[in-house]
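The structure is given below, and queries will be raised subsequently.
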Amino acid sequence: MVSTFGSLETGRRGLAAQQGAIHTTGNNIANANTEGYSRQRVNFSPSKAFPPAGFDQPMIRGQFGTGVDIKSVQRIRDQFADNQYRDKFNQNDYWETKSGTFDRVEDVLNELSDDSLSKAVDGFWQALQDLASNPENTGVRSIVRERGRALAGTFNHLSYSLDKIKDDLNQQINMSVHQVNALGQRIIELNKQIAEVEQTGQLPNGLYDERDRLVDQLSGLINIRIDRAESGGNSSALAEGKYTVVLLDEDGHEVGAFIDGERNKLNELSVNAADKGGQANVSLSLGGLDISGKRVPGKLQGLIEGYEKDLPDLTRQLDDMAYTLAQAFNKVHEQGEGLEGSKKGVDFFSGIDQKDGAAKNIKISDDIENSLNNIATRKPEAPIGDNSIIDSLVKVLSDQTLTFDDGTKGTLKSYIQSMIGNLGVNVQTAQRMAKHTDILMQNADQRRQSVSGVSLDEEMINLIQYQQAYTASARMINVVNDMLDTLINKMGV
Amino acid sequence: MIVMRVTQGIMSQNILRQLGNGYENIAKYQQQLASGKKVSRPSQDPVAAVIGISYRRDVHHVEQFKRNLSEARRWLDASDSALDQVTSVLQRVRELTVEASNDTYNIDQRKAVNGEIDQLKQQLAAIGNQRVAGKYIFNGQRTSEKPLSVNENGEAAGEPPTYISHVDVTFKGADPQTNRFSVEISDGTYIDINVDPATVFTQGLFDDLDALQKKLLDHSSSSEDISGFLSKIDQHLDEVIAARSEVGAKTNRVDLFVNRLEQQEEIAEKAMAANEDAEFEEVIIHLAQQESVYRAALSVAGKLIQPSLVDFIK
């Protein structure tokens, strides 16, 4: 038989365990809206039965249970769901970044707006047409100069705006790398704290949640895989250990360890983004090891691509246009002559000695700035009303044989069109992918939340369940108390 | 099919996202209404954006060509009225010649005729030196130079040279290379908008008039000597009329192009509108639809977010 007061102890354990469960339920409810919180569950297990096995065990028939113990308080979390979410978040952050960059580019190069490049070209063309019918008119000449300025100015503005975006990207690249390292630093600290707790056999659920939240953030910036290193000591089987964070390239191959969980050491990411000889270049290294050639998807990659490729490509196209147009225009202009006493062989545009940076540097030549008379309209020595040169200048703007860098031949307008068409498709693709991956990410997040999220209904049912069990345990103590009363006070001595 | 454990968190997240999407759609249609444009960024429809650039170009070109045409029309109209005046002047010269060739005219009367011809010559020079917007229209590309110069105290004329004054008009050489002034009136099509000066105000015309005047002042001139000029004057009249009919033909051509451009403009603008502009009925209907969807989502959200088991346990 168990001892007289043994059942009281069983009741006490029942009370304590249910109270612990109610406390955990309360904690879940309180954190129902805490981001990254995983609901917690109290794992009960029956306490050791009496009598325990042994040579000196009391000779009792049957082993009696002694109540309940709280074995552990565990967070409910699915690592697979975590991995999926991080994978999708990684893709989404990449596309969001691309789409964000392209959005800004589209703002700059919006050919549907009123201050577009094609509008400036049309304006210039119109002024030249007016000059063709009024070659001797100084007023019309000044309009031609003004519209020419506007065209050059539009090139300058677009090139400048793209450069500005590129500079911003450079800053963002540095900031993102800084963020990656800061997150890594905090993960390392958490690894350390978690290991200390785990070695005592406890489960630091709050720290786990905190660390996973940081890893979530990290996974948007760079593509990672999480491996686990045991903390050792008296770790529970449920312990999650220290995180090792491995950088993966787009095919899922390891690039290198960002955090080595075993030794709890951080290999810092460092970056250097700069324009070298007009060529934007980003070099990335991990713990001193150059990994520039590897493509690690994520926000950082999106920024790097924008800086190294997307924006320089557009700037190059603008340069190409400004250079090709201005060269062709000057070539015709040089052959002509302006009003009486004008200089001969004058360029209309200047600042276009080299293709690189032509869009940024193009301007009206000093000769034209100094005197409107120098705008060439006629063949040298021809009468003032000869408009053959200005007619040829008009034709340059719709010349279908301008040859551009990429080998295409066509008018300036057709080149703008193909540039805008490409940009539009790129923006659209990025936006679509961002939306698409956002839905996938939301789905993954919901799957994760469906495992870890707090359901108030569920908690309420648990609460009732635990409360009832608590009440029943109390009742049990009452009954034992009554029994003892009977035994002590009511039995005749 | 995975049975999901749906929590309040998931629910409110879903609702929030759906409301956000609904609101985004409303904003989209509202923007279309406000701007009147279906496409305001290339990414919304890259094809429409690219085509739009062409349409805009077309509209700009049509605008400009219309301007060029009105310039052409101005020149042609001015030329036409000038030639009309030239015709009357020459007709008057012809009348005077017919009168003077009458044997009853004595030398004094012929002198009077000579004086009137001097006046008419000056008038011809004035017509020939006419300007449109500051440009001489009868001097080909030399638009800033007078084609005709007038010397009011020319060589004494007459036989013997007893005549007091004489008006000399000189036509400054015609150079076929520079006699055409043309403008572009549609992509790649040019039209000469001036009258070739060599066909009207020729030195020949003024030489003939000078010769006529000489005969008028010559006592020995017979009436046949003077009437002999009639055929020359008729020849010059024919030249003017020919030039005038050419102007008329060009004016017709310009009018034709104006009509064509107006059609083109309409087509280009229509095409641009169809390409970019929002259709209001459609947008308003979409907006109304989205609004009702949004309202429904809101009311469902209101019902769903509120209750949990908490509300039912006392």
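Throughout, a chain's letter reflects where its sequence line sits, starting with A, and its residues are numbered from 1.
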field: Under 4.5 Å from a heavy atom of chain A, the part of B/Arg67 involved
entry: side chain
query: Are there more than 12 heavy atoms of other residues, nucleotides or ligands under 6.0 Å from atom NZ of B/Lys146?
result: no
message: Between A/Asp130 and B/Asn68 (side chain of the first, backbone of the second, donor and acceptor by atom type, cut-off under 3.5 Å), is there such a pair?
response: no
query: Which bit of A/Ser133 comes within less than 4.5 Å of chain B, counting heavy atoms only: side chain, backbone, both or neither?
result: both
field: Heavy-atom side-chain proximity of B/Ile10 to A/Ser450 below 4.5 angstrom
entry: yes
query: How about A/Asp122 and B/Arg57: do any of their side-chain heavy atoms sit closer than 4.5 Å?
result: yes
task: To the nearest 0.5 Å, tell me how far B/Ile53 CD1 sits from A/Ser116 OG.
output: 7.5 Å
task: Check for a donor-acceptor pair, side chain of B/Arg17 on one end and backbone N or O of A/Ile439 on the other, with a separation under 3.5 Å.
output: no
field: Check: B/Gln64 main-chain N/O paired with A/Gln129 side-chain donor or acceptor under 3.5 Å
entry: no
task: Pick one of side chain, backbone, both or neither for B/Gln8, based on which atoms fall under 4.5 Å of a heavy atom in chain A.
output: both
- request: Write down the atom of A/Asp103, the atom of B/Arg41, and the distance for their closest heavy-atom approach.
  value: O-NH2, 2.9 Å
- prompt: Tell me, side chain or backbone of A/Glu340 under 4.5 Å from chain B's heavy atoms, or both, or neither?
  reply: neither
- prompt: Does a donor on one side chain sit under 3.5 Å from an acceptor on the other, for A/Gln446 and B/Asn14?
  reply: yes
field: More than 12 heavy atoms from other groups under 6.0 Å of CD on B/Gln203
entry: yes
task: Against chain B, label A/Ile464 side chain, backbone, both or neither, depending on which of its atoms sit under 4.5 Å from a heavy atom there.
output: side chain
- request: Give, for atom CD of B/Glu184 and atom CG of A/Leu128, the distance between the pair rounded to the nearest 0.5 Å.
  value: 11.0 Å
- request: State plainly whether the residues A/Glu136 and B/Arg131 are in salt-bridge range, i.e. N to O under 4.0 Å.
  value: no
- prompt: For A/Val394, is it the side chain, the backbone, both or neither that has a heavy atom under 4.5 Å from a heavy atom of chain B?
  reply: side chain
Rounded distance (nearest 0.5 Å) linking atom CG of A/Asn387 with atom OH of B/Tyr190: 8.5 Å
- request: Salt-bridge test for B/Arg142 and A/Asp386: reply yes if a basic N is under 4.0 Å from a carboxylate O, no otherwise.
  value: no
message: Minimum heavy-atom separation for A/Asp457 and B/Leu309, please, with both atom names.
response: OD1-N, 2.9 Å
- request: Give a yes or no on this: more than 12 heavy atoms of other residues, nucleotides or ligands lie within 6.0 Å of atom CD of A/Gln400.
  value: no
task: Please answer whether the main-chain N or O of A/Gly453 pairs with a side-chain N or O of B/Arg5 as donor and acceptor at a distance below 3.5 Å.
output: yes
Residue, of B/Ala133, B/Ser182, B/Gly52, that accumulates the most heavy atom pairs under 4.5 Å with chain A: B/Ser182
task: Go through the atoms of A/Leu423 and report whether side chain, backbone, both or neither lie under 4.5 Å from a heavy atom of chain B.
output: neither
query: Which residue out of A/Ile420, A/Asp391, A/Asn33 racks up the most heavy-atom pairs below 4.5 Å with chain B?
result: A/Asp391
query: Which answer fits B/Phe65, side chain, backbone, both or neither, if we ask what part of it has an atom under 4.5 Å from a heavy atom of chain A?
result: side chain
statement: When the 4.5 angstrom heavy-atom criterion is applied to A/Glu459 and chain B, the contacting part is neither
message: Can you tell me which portion of A/Ala32 sits under 4.5 Å from chain B's heavy atoms? Options are side chain, backbone, both or neither.
response: neither
- request: On the 0 to 90° scale, with breaks at 30° and 60°, tag the A/Trp125-B/His61 ring pair as parallel, tilted or perpendicular.
  value: parallel
query: Considering only heavy atoms from C-beta outward, does the side chain of A/Pro383 approach that of B/Phe181 to under 4.5 Å?
result: no
Non-hydrogen atoms of A/Gly424 and B/Pro46 that approach each other most closely: C-CG, 3.6 Å
- request: With a 4.5 angstrom heavy-atom cut-off, could you sort out which part of B/Ser144 is near chain A: side chain, backbone, both or neither?
  value: both
message: For A/Val425, which atoms come within 4.5 Å of any heavy atom of chain B: side chain, backbone, both, or neither?
response: both
task: Indicate the atoms forming the closest heavy-atom contact of A/Asn110 with B/Pro42, along with that distance.
output: OD1-CD, 3.3 Å
task: Indicate whether any N or O donor in one side chain lies under 3.5 Å from an N or O acceptor in the other, for A/Asn137 and B/Lys135.
output: no
field: Max heavy-atom pair count under 4.5 Å with chain B, selected residue of A/Lys119, A/Met419, A/Glu458
entry: A/Glu458
field: Part of A/Arg378 within contact of chain B (heavy atom distance under 4.5 Å)
entry: neither
statement: Whatever's closer than 4.5 Å to a heavy atom in chain A on B/Ser54 counts as both
field: Structural part of B/Val39 lying under 4.5 Å from a heavy atom of chain A
entry: both
field: CE-CG distance between A/Met460 and B/Asp311, expressed to the nearest 0.5 angstrom
entry: 9.0 Å
query: Of the non-hydrogen atoms in A/Val427 and B/Ser43, which two are nearest, and what is the gap between them?
result: CG1-CB, 3.3 Å
task: Against chain B, label A/Asn134 side chain, backbone, both or neither, depending on which of its atoms sit under 4.5 Å from a heavy atom there.
output: both
task: Please look at A/Lys379 and chain B and tell me whether the side chain, the backbone, both or neither of the residue comes under 4.5 angstrom of a heavy atom of that chain.
output: neither
Backbone of B/His60 reached by a side-chain donor or acceptor of A/Gln126 within 3.5 Å: yes
- request: Below 4.5 Å from any heavy atom of chain A, which atoms of B/Gln13 appear? Answer side chain, backbone, both or neither.
  value: side chain
